[in-house]
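Please read the structure below before turning to the comments.
Sequential numbering from 1 along the given sequence is applied to the chain's residues. Keep in mind that the numbers below use all heavy atoms, side chains included, and drop hydrogens, waters and symmetry copies.
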Amino acid sequence: MSPFSGVIHLQKGCMNMKKLFALVLALCMALSLVACGGSSSSDTEDTTGDVSTADSVEDAEASVAADTEGTTSDGSLITVGFAQVGHESDWRTASTQSCQDVFTEANGYELVFVDCDNDSATQLEAVRGFIQQEVDYIIIDPIVSTGWDTVLTECEDAGIPVIVIDRTIDDSDKYAAWVGSNFTTEGLAAGEWLNAYAEAKGIEISGILVIEGTTGASATLGRTEGFQQIADSYGWTILDSQDGDFTQDGGQEVMESYCKSYEGQFNVVICQNDNEAFGAMTAMTNAGVSYGEDGDVTLISFDACTAGLEYVQQGLINADFERNPLAAPFVAEVIEQLEAGETPETEIYMEEHWFTYDETVSSFTVDGAEQTVTVVTDEVVEAQY
C-alpha cells in the first residue's frame, strides 16, 4: 500500500481553480461597474470601499490575503507537507492533532499529512512525494536522526524550506529551523529528581532497569545519555537497558523479560515514554511486583500525556517528565517569518514541566539551574494534552 494512503489534503489543482474562479468573479464585477458607470459620482450613492476598474482584481486578492493569516502574498493557501513518525503513542497522537488544528484551510493552509508508521524508508519516500507535489513547506519529525542529508539536499534544490520538529537530525543542517525538546536535559532531570527523592525517602537504589525508546531516535539517545550521566555520578547500577520502541506492547514485553531475569534485583524502572510505562505496569502487576508510591519499585516515565498524569495522580507512576507535543503554533510562526523574508531562530525550545505525585521533592537542580516540580491535581490533568 502506498505511504500516501493516509494523506489528508486538498489537491493543488483544485486550489488553482478556486483562485482562477475568484479572479474571474472579481473581473466580472469590475467590468459590470464599467458598463454601469457612465454617470458621475453625483448621480449615484456614495459607497464606502469602491475601487477603480484598474485595481479591482488586485484589491480582491489583497483582501483575501489579509483575511487569512497563513496565505501567501497572492492570496493562495500555503501548502504544508508533514511526514509524521507514526501513531505509536498518546504523545504522537497529540502532536499530529496539533498540526491538524493549526494548519487548516480556515487559517490559510493546505495540510498534506503522511503517517509513516515508524518506517524510515516510508518517511523518506513521503518527503520526496512532497517535493513532487511542489508543497511550500515540509515538516519532518524524523524517525531516526541520520540518513537525511541526501533528501534534505533535494528539498533545498527544489527551494522548499524544511522545518524539523520533536526529534533531531544529526547528519545535515539543510533545514530552516528545529522546534522541540531538550532530551538530554529531560534525562538529567529524571536522574537528579530520583537522587533527591531517594534521599528524602531513605531509599537505597539497588538496581535500575531502563526501557528505551526506538533505537536511533534522538529522544532515546538524549534521555539515555542524560540519565546515564547522573547514574555514573552517583554510582548507580543500571542492570539492563533495552528498546521498547516507544509502544505499550514493547514496554510490556521488555518488562516481562526483566521480571524474570532480574527478579528481586531492581527497585527503579525508567520508561522513556508513557506508553512503555503503561506496558511495564501491566507486566509488573502480572509478576506480583509492586510499584509507585506504595510499592517496592520507583517508576519514572517521560512525555506526561493525560493518561500518564492520571497514573501519577494515583501514585502508580512516581514522576513524569514532560515533552511538549504542541509544536504546530511555533512552526506556524516560523513559516510566517519565512514568508516575510525574515530568518527564524534555528533552535526553538518549548516550555516543559516535571510532574510528581506529592511534594516529597519540590525542587532540585540540573547543571546548577533550579528545577521546579508540579504536583498533579485534577486541574493539572484537565489542562494537559
Side-chain angles (χ1 to χ4, degrees), residues 89-92 94-95 166-168 180-198 200 205 208-214 217-231 234 236 238 241 244 246 251 268-281 291-293 297-327 349-367 369-377 380-381 383-385:
S89 64
D90 291 13
W91 188 97
R92 190 68 53 198
S95 172
D166 178 30
R167 303 179 185 180
T168 60
S181 307
N182 191 321
F183 301 122
T184 302
T185 296
E186 292 174 2
L188 292 169
E192 292 290 11
W193 175 87
L194 176 60
N195 179 65
Y197 180 78
I205 298 175
I208 300 171
L209 293 170
V210 179
I211 302 178
E212 297 181 9
T214 303
S218 59
T220 299
L221 298 172
R223 289 169 182 169
T224 300
E225 177 187 348
F227 186 82
Q228 185 70 59
Q229 286 183 33
I230 303 302
Y234 292 119
W236 298 337
I238 296 180
S241 188
F246 287 130
V268 176
V269 172
I270 311 294
C271 298
Q272 290 190 350
N273 84 337
D274 286 336
N275 288 82
E276 288 180 341
F278 305 157
M281 290 162 61
Y291 51 88
E293 284 299 313
V297 172
T298 298
L299 179 59
I300 296 174
S301 185
F302 294 85
D303 283 2
C305 67
T306 298
L309 293 190
E310 288 174 343
Y311 283 123
V312 173
Q313 187 178 22
Q314 295 169 35
L316 297 176
I317 294 176
N318 297 80
D320 208 338
F321 296 81
E322 185 181 39
R323 165 175 160 230
N324 190 341
L326 309 182
Y349 289 96
M350 297 183 292
E351 183 179 1
E352 295 172 320
H353 306 86
W354 319 138
F355 298 96
T356 58
Y357 169 72
D358 61 19
E359 295 179 344
T360 299
V361 176
S362 59
S363 66
F364 57 92
T365 61
V366 171
D367 290 336
E370 185 174 3
Q371 310 288 311
T372 58
V373 178
T374 301
V375 175
V376 178
T377 63
V380 170
V381 172
Q384 197 64 343
Y385 63 88

How far does [atom1] of [X] sit from [atom2] of [Y], to the nearest 0.5 angstrom?
X	Y	atom1	atom2	value
R167	F183	CZ	CZ	7.5 Å
Q272	T224	CD	OG1	4.0 Å
F227	F321	CZ	CZ	9.5 Å
S181	E186	OG	CD	5.0 Å
I211	N275	CD1	CG	12.0 Å
L194	I230	CG	CD1	10.0 Å

Of D274, V380, V381, which is the lone residue that meets side chain to side chain contact (heavy atoms under 4.5 Å, CB included) with T306?
->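 Only match with T306 under side chain to side chain contact (heavy atoms under 4.5 Å, CB included): V381.
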Restricting to non-hydrogen atoms, name the atom on [X] and the atom on [Y] that form the minimum distance, rounded to 0.1 Å.
X	Y	answer
D358	T356	O-OG1, 3.0 Å
A219	F246	CB-CZ, 4.0 Å
L316	Y291	O-CD1, 3.4 Å
A277	I317	CB-CD1, 4.2 Å
F278	G308	CZ-N, 3.6 Å
N324	M350	O-CE, 2.9 Å

Is the backbone N or O of [Y] less than 3.5 Å from a side-chain atom of [X], with the two atoms forming a donor-acceptor pair by type?
X	Y	answer
S301	D320	no
Q384	A304	yes
E322	H353	yes
W91	R323	yes
N318	L299	yes
D303	C305	no

Would you sort out whether I300 and W193 count as a side chain to side chain contact (heavy atoms under 4.5 Å, CB included), showing the intermediate values?
-> CA-CA 10 Å; I300 296 174; W193 175 87; 3.8 Å; yes
Would you call V361 and E192 a side-chain contact if the rule is heavy atoms closer than 4.5 Å?
->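 Not touching, per the 4.5 Å side-chain cut-off.
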Report, as yes or no, whether the 6.0 Å neighbourhood of atom OH on Y357 holds more than 12 heavy atoms from other residues, nucleotides or ligands.
->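 12 or below, so no.
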Take atom OH in Y311; do more than 12 heavy atoms of anything else shown fall under 6.0 Å from it?
->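 Open: at most 12 neighbouring heavy atoms sit under 6.0 Å from OH of Y311.
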Step-by-step side chain to side chain contact (heavy atoms under 4.5 Å, CB included) determination, N195 to W236 = CA-CA 10 Å; N195 179 65; W236 298 337; 3.8 Å; yes
